[in-house]
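Working notes for the structure below.
Computed from a predicted structure; not experimentally measured.
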Amino acid sequence: MSIDTLRTILYAESAVVGLLVIYSAIRQKSQLAQYFFFVVLCTFFYVFGYASELGADSLADVRFWLTFEYFGLSFISSFWFLLSWKLWYHRVPRFRMKVLLFVVPAVTLFLVASQEYQSLYYKSLDLIEADGHYLVILDKGPWYWVYTGYQL
């Protein structure tokens, strides 16, 4: 599959997810619907950002789109957990639990956004050219593994 085809599929998927975002924003009547809204919003950021990252033609563009992706990717699992908690227990988790759920994603977003100044999430970012497109090669840092463990 070519990169252009993949980008087209990802943009189409982000359009569908974007419609879910709009629909869930309009129909928000419960706490469960609010969690669903944030899950699909984060999914939209991730999918749209990844499609745009595949079209980037410089390292600065790749860094921008990686940060954009992580506005969604880093928080999807937390909102998904809250949605699952509400479905299973039929109540909202305590405020303290919500705060703890978002500490690791917030630190992850900060580390990805400040990647130029430290190498805790990614040790290095390099571009290679494939079929006239640039792809990023990521060398994972220590916080990458912390975040991966958090998502499990």
*Mind checking whether Y46 and Y50 have parallel, tilted or perpendicular rings, split at 30° and 60°?*
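If you compare the ring of Y46 with that of Y50, the planes turn out parallel.
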*Can you say whether the rings of F38 and F79 are parallel (under 30°), tilted (30 to 60°) or perpendicular (over 60°)?*
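Parallel: the ring planes of F38 and F79 meet at under 30°.
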For the student: nearest non-hydrogen atoms of [X] and [Y], plus distance:
{"X": "G49", "Y": "W65", "answer": "O-CB, 3.8 Å"}
{"X": "C42", "Y": "I76", "answer": "CB-CG1, 3.4 Å"}
{"X": "S24", "Y": "V40", "answer": "OG-CG2, 3.8 Å"}
{"X": "L54", "Y": "H133", "answer": "O-ND1, 4.3 Å"}

Does [Y] offer a backbone N or O that forms a donor-acceptor pair with the side chain of [X] under 3.5 Å?
{"X": "S74", "Y": "F71", "result": "no"}
{"X": "Q115", "Y": "Y122", "result": "yes"}
{"X": "S2", "Y": "T5", "result": "yes"}

*Going by atom types only, do Y11 and S52 share a side-chain donor-acceptor pair under 3.5 Å?*
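Checked: Y11/S52 side chains pair up, N/O donor to acceptor below 3.5 Å.
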_Is a donor from one side chain sitting under 3.5 angstrom from an acceptor on the other, for Y150 and S78?_
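Indeed, the side chains of Y150 and S78 share at least one donor-acceptor pair under 3.5 Å.
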Atom pair [atom1] ([X]) and [atom2] ([Y]), whose distance is rounded to the nearest 0.5 Å:
{"X": "Y121", "Y": "W145", "atom1": "OH", "atom2": "CH2", "answer": "9.5 Å"}
{"X": "F48", "Y": "E53", "atom1": "CZ", "atom2": "CD", "answer": "13.0 Å"}
{"X": "T67", "Y": "L109", "atom1": "OG1", "atom2": "CG", "answer": "7.5 Å"}
{"X": "S14", "Y": "I9", "atom1": "OG", "atom2": "CD1", "answer": "12.0 Å"}
{"X": "S119", "Y": "D139", "atom1": "OG", "atom2": "CG", "answer": "9.0 Å"}
{"X": "Q34", "Y": "L32", "atom1": "CD", "atom2": "CG", "answer": "9.5 Å"}

*For the residue pair F75 and F45, is the inter-centroid distance of their aromatic rings smaller than 6.0 Å?*
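No, the ring of F75 stays outside the 6.0 Å limit from the ring of F45, centre to centre.
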Less than 4.5 Å apart, side chain to side chain, heavy atoms only: is that true for [X] and [Y]?
{"X": "L101", "Y": "F81", "answer": "yes"}
{"X": "V92", "Y": "K98", "answer": "yes"}
{"X": "F102", "Y": "L82", "answer": "yes"}
{"X": "F37", "Y": "V21", "answer": "yes"}
{"X": "L127", "Y": "L135", "answer": "no"}
{"X": "L66", "Y": "L138", "answer": "yes"}
{"X": "Y23", "Y": "I26", "answer": "no"}

*asked:* Take a 6.0 Å sphere around CH2 of W80 and say whether it holds more than 12 heavy atoms from other residues, nucleotides or ligands.
replied: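 Open.
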*Qualifying residue for side chain to side chain donor-acceptor pair (under 3.5 Å) with T108, from W143, Y147, Y144*: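 With T108 as partner, side chain to side chain donor-acceptor pair (under 3.5 Å) holds for just one option, W143.
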